[in-house]
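Note that the coordinates shown come from a computational prediction; the quantities given were computed from them, not determined experimentally.
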Protein chains: 2
Amino acid sequence: MAHLTVSVEYGVHSLLWLTYAGDKALSSRDLADLQGISHSYLAKIFPKLEKAGIVRASEGVRGGYMLSRAPEEVSALQIVDAIEGRKPLFDCQDIRGRCAIFGGAPPTWATNGVCAVHAVMLRAEKAMRDALAGQSLADIGRALGDKAPPEFAAETQTWLDTRLSARVGRPGAPSEREVPT
Amino acid sequence: MAHLTVSVEYGVHSLLWLTYAGDKALSSRDLADLQGISHSYLAKIFPKLEKAGIVRASEGVRGGYMLSRAPEEVSALQIVDAIEGRKPLFDCQDIRGRCAIFGGAPPTWATNGVCAVHAVMLRAEKAMRDALAGQSLADIGRALGDKAPPEFAAETQTWLDTRLSARVGRPGAPSEREVPT
DNA sequence: CATAACGCGGACTGATATTATCCGCGTTAT
DNA sequence: ATAACGCGGATAATATCAGTCCGCGTTATG
């Protein structure tokens, strides 16, 4: 796949729903069902966001996740790094030292400092990271909110509330997880 | 692996050697041996550079590759695109349309235009590509040349000339490809 | 206090991309 | 004619990604 994987897509979209939910904790299952994506896979992404301090988890029944910071304080870069783990755009194999002219013993002038080719890629990576760092979760949420009609917020709250009350632990009566369209 | 693969590393370094070679055509085998990398793999990269118009090939004995443009006119972006094939930084799965609230029939306001999350990544990708577009092969070669001592250029010419004369097609006497260190 | 819904982590699987290698074909200087 | 080229296809090893499944400890509910 591409450099930024679907894990990032799942993660960012889920965080956007959390900004909608306010102080209510949403479970990874709710978030997965709401978005029509794999629950077990999304469940592997959230612990990464938690370790990065972007999200807070509450365990047990009625547990789930909440944003641990204001959406303005969460940059796209922080989310990407939390999920992808600071993977470099380019990983230099240091070709320069293998030059046959050096015959196995490359001089120090050839190998010290950063490889000129690597430097080019590092500048490109920095430009990308700066662009990501300049965009917050709040910015993305705003762009998204501008498209949705006003009644959508209410519909979302209804869906979430139905879901929250439906999933109460009732021994002997496993919940059906059926939700009106 | 990372988004920018070793193919790019091989390609850029090889093009840098071509700037050294001037009007002499270097074979992919020479370039591979000179740099201590796989010949058969490098041989798969050059046709891509040729199709992109960065390099010109001459066939037959004593054939090889030459730059088809001045190093100032070749940007890092052109090389990356030629080799990697314009692969996107992020490929959007359009999660937004799968929202359960829409019940399988997402409204047009939800799906038209570019997804807000995708837009963030597109801005980051553009920043990266702009950074690559702003750096030419000549720039990289200069950074590299500044490190090498003056006598290195002569050593390189010697290595290449030895190589060129050693590989003359002599029936019955397959060349040994041995070159002094 | 038993139950079921949580989060957490590890093992595992299938698909795809990367990094190669090898072979046969047509071209061309010696 | 020969051997060194470039060109393209087939194949293989390895890694990563996307996704599933399981068992563990925690916790509100009835």
- prompt: Given that both pair distances must be under 3.5 Å and the pair must be Watson-Crick or G-U, what runs of three or more consecutive pairs involve DNA chain C?
  reply: C:1-30 with D:1-30

query: Does the side chain to side chain contact (heavy atoms under 4.5 Å, CB included) test come out yes or no for B/Val117 and A/Leu16, once each step is laid out?
result: CA-CA 10 Å; B/Val117 175; A/Leu16 286 168; 3.9 Å; yes

query: Mapping B/Lys51 and A/His39 onto DNA chain D by nearest heavy atom, which one lands closer to the 5' end?
result: B/Lys51

query: Does any non-hydrogen side-chain atom of B/Trp17 lie less than 4.5 Å from one of B/Leu160?
result: no

- prompt: With sugar-phosphate meaning primed atoms plus P, OP1 and OP2, does A/Lys48 contact a base, only sugar-phosphate, or nothing at under 4.0 Å between heavy atoms?
  reply: nothing

5'-most by nearest nucleotide on DNA chain C - B/Ser38 or B/Glu84: B/Glu84

message: So if I take every side-chain heavy atom of B/Glu59 and compare against C/dC8, C/dT19, D/dG6, which nucleotide ends up nearest?
response: D/dG6

query: Any side-chain N or O of B/Arg62 under 4.0 Å from OP1/OP2 of C/dT30?
result: yes

task: Specify whether A/His118 and A/Phe90 have parallel, tilted or perpendicular ring planes, treating 30° as the upper limit for parallel and 60° as the lower limit for perpendicular.
output: tilted

statement: From the candidates C/dC8, D/dA18, C/dT19, the one with an atom nearest any side-chain atom of A/Glu50 is C/dC8

field: Parallel, tilted or perpendicular: rings of A/Trp109 and A/Phe102 (30°, 60°)
entry: perpendicular

query: Of all the choices, D/dG8, C/dT18, D/dG6, which nucleotide is nearest to the side chain of B/Thr5 once you look at every atom?
result: C/dT18

- line: From CZ of B/Arg29 across to P of D/dC7 the rounded distance in Å is 14 Å

field: Nearest to side-chain heavy atoms of A/Lys87, which nucleotide of D/dC17, C/dA29, C/dG7
entry: D/dC17

task: Give the rounded distance in Å between these two atoms: CD1 of B/Ile83 and P of C/dA20.
output: 14 Å

- request: Find the distance B/Phe90:CZ to D/dC17:P and express it as a whole number of Å.
  value: 14 Å

field: Greater than 12 external heavy atoms within 6.0 Å of A/Lys24's NZ
entry: yes

message: Could you tell me how far apart B/Ile95 (CD1) and D/dG19 (C1') are, to the nearest whole angstrom?
response: 14 Å

message: Can you see whether A/Gln135 engages A/Ser75 through a side-chain donor-acceptor pair at a distance of less than 3.5 angstrom?
response: no

field: Donor-acceptor under 3.5 Å (A/Asp161 side chain, A/Thr158 main chain)
entry: no

task: Identify whether any heavy atom of B/Tyr65 sits under 4.0 Å from a base atom; if not, whether one sits that close to sugar-phosphate; answer base, sugar-phosphate or nothing.
output: sugar-phosphate

message: If I take atom CD in residue A/Gln93 and atom P in nucleotide D/dA15, what distance separates them, rounded to the nearest angstrom?
response: 13 Å

field: Between C/dT19 (P) and B/Leu4 (CG): distance, integer Å
entry: 11 Å

- prompt: Roughly, in whole Å, what's the span from CD1 in A/Ile37 to P in D/dC17?
  reply: 17 Å

A/His3 NE2 to C/dT18 P, straight-line distance once rounded to whole Å: 12 Å

query: Within less than 4.0 Å of OP1 or OP2 of D/dG19, is there a side-chain N or O belonging to A/Tyr10?
result: yes

Side chain of A/Ala57 - closest among C/dG7, C/dT21, C/dA4: C/dG7

message: Connecting only ILVMFWY residues whose side-chain heavy atoms lie within less than 4.5 Å of each other, what is the rest of B/Val114's hydrophobic cluster?
response: B/Leu122

Distance below 4.0 Å between B/Tyr41 side-chain N/O and C/dC22 OP1 or OP2: no

task: Please state whether the base of C/dG10 and the side chain of A/Lys44 form at least one donor-acceptor pair under 3.5 Å?
output: yes

- line: The nucleotide from C/dT19, C/dG7, D/dA18 with an atom nearest the side chain of A/Ser28 is C/dG7

